[in-house]
Amino acid sequence: MTAPRFRFAPSPTGFFHVGGARTALWNWALAHSQGGTFVLRIEDTDEARNRPEWTQGIVDALAWIGIHADDPHFEGPYFQSQYADQHVAAAERLFAGGHAYYCDMTGADVEARNKAEGNQGYQGWSRDRGLGPGPGHVLRFRVPSGTTVVHDLVRGEVSFDNSLIEDFVLLRGNGNPMFLLANVVDDMTMDISHVVRAEEHLPNTPKQQMIWQALGHEPPVWAHVPVLVNESRKKLSKRRDKVALEMYRDEGFLSEAMVNYLMTLGWAPKGDEIQPWAGMQDDFRLEDVNHSPAFFDLKKLSAFNGEYIRRMTPAGFLAACRPWLLSDTAPFTADRFDEAVFLALAPVIQPRCTTLADAPGVIDFVFLADPVFDDEAWAKAIVAPNAVEVLRGTIAAWQDVAEWAADLLKVSFDDVAASHELKPGKAQAPVRIAVTGRTSGPPLYEPVEILGRDETLRRLRAAEARIG
RNA sequence: GCCCCCAUCGUCUAGUGGCCUAGGACACCACCCUUUCAAGGUGGCGGCACGGGUUCGAAUCCCGUUGGGGGUGCCA
């Protein structure tokens, strides 16, 4: 028995679809666990050929989710266009074998005749006219009578009445092959044994299967997986939905979280949902895939991502966050950023992030010359009972604190709060806003310890002055 | 219109005739913890679309209905 070959054939459109990512992952898992090959074939259109960055985008996106081109199970990328000669050759064989015939009717002709006769679709009018190739002549497949049964690994047997399938076009009037034919020929040429793709292709499958058979080959193993849908249960589309995998990457989602989440859409790993790739790769089976479409839920993805962020080591977290920390969009400038400080604070930052992009905003005040005040929070904190007194009391207490350490600062502050008969948590607001600019955020005393006595007191006094 | 697919909490799913009083996760709510906000812990809310069969027994098998989706190009 020869090793199975799974093909993944995206068409480059300038971005990589999350639905495609899941299909790729499934093909990839199978290729690995069955000791087969993941064949990447790009369906390059005329436009895509002029934009090599589009295909590069696919390769990059695959690499991001762990499908690396240098893996021994990976083959490609190949391009559909490189097989153009074979597409035409196959069409000629089909014609020679009587499986296809030429037709000189244009789309308008077909429409007119249908209107006159009250029909729909192409009715095989040129089947016996004996036409040969010529300008404007399309080659049509002669659909045999009978029933075509597609054996699908996820759906079982699906049968189609051939009489309901029209004689579809194989070659255009200009001699160019149609996608349906090109696809079959490519799969055949590349010895593809398994075609795992989205459900939307299922209605076309009997046509492809008939081409396989007419060309004298057994069809591959088919598997049509359910599509991903939006909140209105429509197939995810570029126009309406955020479908670009790159976009999630750029927004700070971890590839591990994305991969893990994608795997759970239409399939469930044994045991915990959150699972390392290695286990899922071995357990994944097409037979276990669900039959119905799944909603791509950003909330759940975010939950997965937060979970993965919390599981990172501080060093790993820092490394992953670096692009956002040093970016122009960060609230502080790169020269004020301090890796050692971030590393020390990482354990309190991580549980407060759902994406890596959240990180700079959580501890911005540590790296800012002055905190950026949230006006609403400021107003609220300042009208609180004894706010000004607490602020002054804290200044007095902290300028004399024996050792500038988080635990001692806390003890010291608690005394101030107690002297005003306030609970520490409640009383903290004015101090917190003076130091961080906000009334909520990570624990106060650890960052304050890092900020140092001088800077902390400077901020507290500045806030006191701001109250005026 | 015609063809095909699909149907378990709001969402993602477990479930392959008795283990189901239907399990988990996300979301939501409450409480606990707590230095604010998170995180964490505990608990709660909530579902087999409907109608017929088959069977001693059906979420699970069959038929129908309804609802949803997809496909029907000289697009890919």
Side-chain angles (χ1 to χ4, degrees), chain A residues 9-13 43-45 47-48 80 103 105-107 110 120-122 136-140 150 152 154-155 158-161 164-166 168-180 182-183 198-207 224 226-227 229 231-235 261 264-274 287-288 290-304 306-307 309-310 347-354 358 362 377 381 406 409-410 413-414 417 423-429 431-433 436 438-446:
Chain A
S11 54
T13 51
E43 289 172 354
D44 51 337
T45 58
E47 188 182 11
Q80 181 155 75
C103 172
M105 290 175 75
T106 64
V110 172
Q120 225 162 8
Y122 181 78
H137 291 197
V138 297
L139 183 69
R140 285 182 181 272
V150 171
D152 190 288
V154 344
R155 275 149 222 286
V158 185
S159 57
F160 298 84
D161 182 350
L164 266 10
I165 299 174
E166 67 173 28
F168 53 95
V169 174
L170 259 15
L171 248 32
R172 297 193 182 86
N174 64 8
N176 288 147
M178 294 287 287
F179 140 92
L180 217 56
N183 240 277
E199 181 187 19
E200 63 212 71
H201 293 285
L202 185 54
N204 280 328
T205 307
K207 297 180 188 171
H224 290 87
V227 293
V229 297
E231 54 286 339
S232 40
R233 307 215 66 85
K234 296 267 200 303
K235 193 172 74 171
Y261 175 62
T264 68
L265 258 26
W267 179 76
K270 294 175 191 20
D272 291 342
E273 270 189 334
I274 305 268
E287 290 83 347
D288 297 333
N290 254 272
H291 295 184
S292 45
F295 170 53
F296 186 85
D297 187 358
L298 187 58
K299 280 220 180 108
K300 190 151 182 179
L301 203 214
S302 300
F304 271 52
E307 179 74 34
I309 285 180
R310 272 171 254 131
V348 303
I349 301 169
Q350 283 167 265
R352 271 159 265 261
C353 294
T354 58
D358 294 337
V362 174
L409 291 165
K410 172 175 165 36
F413 178 81
D414 288 353
K423 283 190 175 169
K426 280 260 190 231
Q428 205 187 68
V431 176
R432 176 175 284 280
I433 199 161
T436 73
R438 286 183 293 266
T439 47
S440 66
L444 230 205
Y445 309 112
E446 288 78 0

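Only this structure's heavy atoms are used, side chains among them; waters, hydrogens and symmetry mates stay out. Throughout, protein chains are lettered first and strands after them, A, B, ... in sequence-line order, and every chain is numbered starting at 1.
Put simply, CG on A/Asp297 is 12 Å from P on B/rC26, counting in whole angstrom units. Distance, A/Asp272 CG to B/rG23 C1': 14 Å, rounded to whole Å. Taking atom CZ on A/Phe160 and atom P on B/rC4, their separation rounds to 7 Å, with Å as the unit. Rounding to whole angstrom units, CZ of residue A/Arg155 and P of B/rC4 are separated by 14 Å. Summarising the geometry, the separation between OH on A/Tyr261 and C1' on B/rC12 is reported as 6 Å, rounded to the nearest angstrom. Atoms CG (A/Asp288) and C1' (B/rC12) sit 16 Å apart, rounded to a whole Å. Atom NE2 in A/His291 sits roughly 7 Å away from atom P in B/rA7 (whole-Å rounding). Nucleotide B/rC12 holds its P atom 21 Å from the NZ atom of A/Lys270, rounded to whole Å.
Of the P atoms belonging to B/rC6 and B/rC74, the separation is 28 Å, rounded to the nearest Å. Between B/rG52 and B/rG46, the distance separating the two P atoms is 26 Å to the nearest Å. Nucleotides B/rC5 and B/rC9, compared at atom P, are 22 Å apart to the nearest Å. Using C1' as the reference atom, B/rC33 and B/rG40 are 8 Å apart when rounded to the nearest Å. Between the C1' atoms of B/rC63 and B/rU54, the separation comes to 11 Å (whole Å). As rounded to the nearest Å, B/rG51 and B/rU13 have P atoms that lie 26 Å from one another. Across the C1' atoms, B/rG71 and B/rC75 are found 13 Å apart, a figure rounded to whole Å. Remark: the separation of the P atoms in B/rU55 and B/rU16 is 23 Å, to the nearest Å.
A/Ala429 comes within 4.0 angstrom of nothing in the nucleic acid, heavy atoms only.
As the counterpart of B/rC28, B/rG44 is assigned, both hydrogen-bonding distances of the Watson-Crick or G-U wobble pattern falling under 3.5 Å. Here B/rC2 sits opposite B/rG71 as a Watson-Crick or G-U wobble pair (both hydrogen-bonding atom distances under 3.5 Å). Summarising the base pairing, B/rA22 is matched to no nucleotide, lacking a Watson-Crick or G-U wobble pair whose two defining distances lie under 3.5 Å. Using the Watson-Crick or G-U wobble rule with both distances under 3.5 Å, B/rU35 pairs with nothing in any strand shown.
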| note | Its contact letters, B for base, S for sugar-phosphate only and - for none at protein heavy atoms under 4.0 Å, make nucleotides 32-42 of chain B read ---BBBBSS--

| Which nucleotides of nucleotides 70-76 of chain B have their base under 4.0 Å from a protein heavy atom (B), which only their sugar-phosphate (S), and which neither (-), written as one string 5' to 3'? | BS-SBSB

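Side chains of A/Val169 and A/Arg140 form a contact here, defined as non-hydrogen atoms less than 4.5 Å apart. By the 4.5 Å heavy-atom criterion applied to side chains, A/Val154 and A/Glu199 are not counted as neighbours. Between A/Phe295 and A/Lys300, every side-chain heavy-atom pair lies at or beyond the 4.5 Å cut-off. For the pair A/Leu444/A/Leu409, no side-chain contact is recorded, criterion being any heavy-atom separation below 4.5 Å from C-beta on. In this structure, the side chains of A/Met178 and A/Arg172 come closer than 4.5 Å at one or more pairs of heavy atoms. The side-chain heavy atoms of A/Val158 and A/His224, taken from C-beta on, include no pair separated by under 4.5 Å. Looking at heavy atoms from C-beta onward, A/Asn183 lies in side-chain contact with A/Gln80 at the 4.5 angstrom threshold.
Under the ring pair (Phe, Tyr, Trp, His ring centres under 6.0 Å) criterion, A/Tyr261 pairs with A/Phe296, A/Phe304, sequence neighbours left out. Residues meeting the salt bridge (Lys or Arg N to Asp or Glu O under 4.0 Å) test with A/Lys207, sequence neighbours left out: none. Under the rule for a side chain to side chain contact (heavy atoms under 4.5 Å, CB included), the partners of A/Thr106 that lie at least two apart in sequence or sit in another chain are A/Ala108, A/Asp109. Partners of A/Phe160 according to the ring pair (Phe, Tyr, Trp, His ring centres under 6.0 Å) rule, which considers only residues two or more places apart in sequence or in another chain, do not exist here.
For A/Lys300 against B/rA25, a side-chain-to-base donor-acceptor contact under 3.5 Å is present.
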